[in-house]
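Shown next, in structure tokens, is the structure this report addresses.
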There are 4 protein chains.
Amino acid sequence: MTTSEQTESKGGRPRSEKARAAILRAAADLLLERGLDSVSMDAVAEQAGVSKATIYRWWPTKEALALDALYAEWAEATPASTETGSLRGDLLALLLPWVHQLAKRPYARVMGSFITRARSDPGFASAYVERLMVPRREIARAVLERARQRGELEPAVQIDVALDVLYGAVYHRFLHGHAPLTDQFVTDVVDTVLGGLACR
Amino acid sequence: MTTSEQTESKGGRPRSEKARAAILRAAADLLLERGLDSVSMDAVAEQAGVSKATIYRWWPTKEALALDALYAEWAEATPASTETGSLRGDLLALLLPWVHQLAKRPYARVMGSFITRARSDPGFASAYVERLMVPRREIARAVLERARQRGELEPAVQIDVALDVLYGAVYHRFLHGHAPLTDQFVTDVVDTVLGGLACR
Amino acid sequence: MTTSEQTESKGGRPRSEKARAAILRAAADLLLERGLDSVSMDAVAEQAGVSKATIYRWWPTKEALALDALYAEWAEATPASTETGSLRGDLLALLLPWVHQLAKRPYARVMGSFITRARSDPGFASAYVERLMVPRREIARAVLERARQRGELEPAVQIDVALDVLYGAVYHRFLHGHAPLTDQFVTDVVDTVLGGLACR
Amino acid sequence: MTTSEQTESKGGRPRSEKARAAILRAAADLLLERGLDSVSMDAVAEQAGVSKATIYRWWPTKEALALDALYAEWAEATPASTETGSLRGDLLALLLPWVHQLAKRPYARVMGSFITRARSDPGFASAYVERLMVPRREIARAVLERARQRGELEPAVQIDVALDVLYGAVYHRFLHGHAPLTDQFVTDVVDTVLGGLACR
DNA sequence: CGGTAATCGAGACGGTACGTCATGTCTTACA
DNA sequence: TGTAAGACATGACGTACCGTCTCGATTACCG
């Protein structure tokens, strides 16, 4: 189990929703402020006014807790759809708000921990991909499909490859930080990928 | 100081090259086998037949040690240049051997730890970029410059953006593992980026 | 806090009496066998089958632990009172069993460490005096008071000085070991102090 | 070997007297200021501007170094003789200056370490007794012998016992610190021991 | 409405690793 | 040979988390 879900129990005291909220609140605050490695379960428990046992009852690992804690924040900035009329407009409408969201808090530090964990724990890997990547990726896929139907897309284009190229470029700067992740960069990426490198 | 460098001292017992080599050897083996988080300095010291103090004398953190330990392995697979005559050929000649190198060992797990550390330690961030990214990136930049001079490149193309697009796509699958990182994928990325998505 | 005392807590897991006993047992054995300086907390923890953190939770320093560990052994040989009818008899009844206790194990080595520690840590100094010196000293004081009431004591005698003279002589040989601490010596000390040096 | 002595060598570089003096100076200062346990050989070496190897070449342990370092200071206050005409006067002339010397610096802390060490190292024990106790004790013995010849001493008095009684009382307060070591106390001790406790 | 059963807080526990420090030995070059 | 400089193996230090555990005190629901 990677995430916190209510067990469908008959009797017994019901789970405290107050504790659940306090834990996620404390975890999100601490994690983004200090990074996953520098935050202890003891610290989360104290900050949330909760006992460690309560956390471990519902989340198996620190990473699982962090994933839950950050899920909401990311989900907010995931639009249901973007319809601007053009492929270029749709892509920018999708990518720019996301990049703004990324810039708000030091997410990259925590993402590094997610990557590390995912590579040792297949269960976490699925949860991570499912929650933080698939939703946004599916919207982008829909955008490309619509463009294809409108005839805006080169017929040979493989959409999965295109998705990795577009998102990959953004993630690259986001995670490695070798150069700034600006609106201009996002625009340049979209234009470069749409137009292609090769002389025609 | 982020990496191990010989201090230019006059007197005193010289640094033991044997110890240095044993530490890097042990670190590389353990790190790739078990991941950075699951490897203790105690374990590296024992495996290398060396005292912990000796490690800490030369490397300030586990991450710095890992960076040094992995540097050599990556450097081997970094070609001095690639001259196939065409942009497409050059790019594939550069990317494919690298991807093969990545596939040999579970590097992604350690890379996640590097990203995490880099985002809390600017000194480490520079060392990381300088050692593991810049060398390969500069070769790719040269490839693109040559292509531009041959007239193979669309004049408007920004090379820094192009580099992030190409490498970003590969890193994306490498780090997130949401889909396999095959030769076919690399070829598709190159063709997609060269040709562009938009209908012409 | 210098010694291990139960905190008067409401909730929480209760302190393990088994661990407490095992720690004191292991500490006493190791300390007397090898001396305070040559015994590590790691060794005590291992010998007691206990984690180091558990020891540090209840005893702030190695010396404090040693004090607790030796307290019991000394307390056993501290008689509640001694009533032989004469001052000389009372003093011998008090001192001889104590000297026999001292001879059983190499206490002097540990006492040296106590003295060292006491002179850098006033809190430890009080605990040391309170536990290892005051009880026996108070009995001796009572013995002298009784002798005074019986008219056995020179009226000018200051009891505190007399106590230091009697115990001082025994401690002197005990700690410095320049000559053996025999029953004969104890008897001689009592007789010398009672009779005085000066010709009358 | 417990103390630093010049080996009678034929050739080679002679021992540096400057280094020897600097080491003893640094050791004395640091030891009395911070206590034996809190002073490292590295610290002594640095303070003396000397390499650690040089210290270890001449002194086998920290305690041996400390003993040498403190020897001079104690020796100064050891009078060659004391001739006041009376036993009481001689004893006070011997004890009072010594007690004043003891009060100048925190010697008791270091003495505790000496006792500890002596009880694990017979060689050190002899050196300790020989250097710090015997000289003064022999003078006191001479004082008592003279008193005996003058007929001031009770014939039955055993001098070795008397010495332990007198010095023991002073050492007792000095080492255990349960009460102040004043001139008045020393005077009271002498008078008490000379006069005896028992009613006559 | 009282019993049952899961939850919660508090916090002690056995472990494991941390990064630092001191000891005593060694190696090298210089004096 | 003696010394300064300083690297080294060894091993203890005291701290911090981890994940588990034992308590006693709370809740609901269900019979």
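In what follows, every chain begins at residue 1, and chains take the letters A, B, ... in the order their sequences are listed.
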Nearest heavy atom decides the nucleotide; on that basis, is A/Thr61 or B/Ser51 closer to the 5' end of DNA chain F? B/Ser51
Could you state the CD1-C1' distance from D/Ile55 to F/dT3, rounded to the nearest angstrom? 12 Å
Are any of the side-chain nitrogens in B/Asp121 or A/Arg109 under 4.0 Å away from the carboxylate oxygens of its partner? no
Counting only side-chain nitrogens and oxygens, does A/Thr54 get under 4.0 Å of the OP1 or OP2 atom of E/dG9? yes
Check the distance between F/dA5's C1' and D/Tyr56's OH and give it to me in whole angstrom. 16 Å
Side chain of B/Ser40 only, please: which of F/dA7, E/dC18, F/dA9 is the nearest? E/dC18
Under 4.0 Å between a Lys/Arg side-chain N and an Asp/Glu carboxylate O for D/Arg131 and D/Asp68? yes
Between B/Lys52 and C/Arg20, which residue's closest nucleotide on DNA chain E lies nearer the 5′ terminus? C/Arg20
Test the B/Arg20-B/Trp58 pair against the cation-pi criterion, namely NZ or CZ under 6.0 angstrom from the six-membered ring centroid and within 45° of the ring axis. no
Integer-rounded Å distance: E/dC13 C1' and C/Trp59 CH2: 14 Å
At less than 4.0 Å, is any side-chain N or O atom of C/Trp58 found next to OP1 or OP2 of E/dG11? Yes or no. no
Nearest-0.5 Å distance that lies between atom OG1 in B/Thr116 and atom CE in A/Met111: 10.0 Å
Could you tell me how far apart B/Asp42 (CG) and E/dC18 (P) are, to the nearest whole angstrom? 5 Å
Rounded interatomic separation in angstrom, taking CG from B/Leu65 and P from E/dC18: 11 Å
May I ask you to evaluate whether A/Arg13 reaches the phosphate of F/dT27, defined as a side-chain N or O under 4.0 Å from OP1 or OP2? yes
What is the distance from CZ of C/Arg15 to C1' of E/dG14, rounded to the nearest Å? 16 Å
Quickly work out the C/Met41 CE to E/dG14 P distance and round it to whole Å. 14 Å
Is C/Arg105 paired with C/Asp29 through a side-chain N to carboxylate O contact shorter than 4.0 Å? yes
With respect to the phosphate group of F/dC18, does any side-chain polar atom (N or O) of A/Lys62 fall under 4.0 Å of OP1 or OP2? yes
Which part of the nucleic acid, if any, lies within reach of A/Ala53 when heavy atoms closer than 4.0 Å are counted: base, sugar-phosphate only, or nothing? base
Spacing between A/Lys18 atom NZ and F/dT26 atom P, to the nearest angstrom: 14 Å
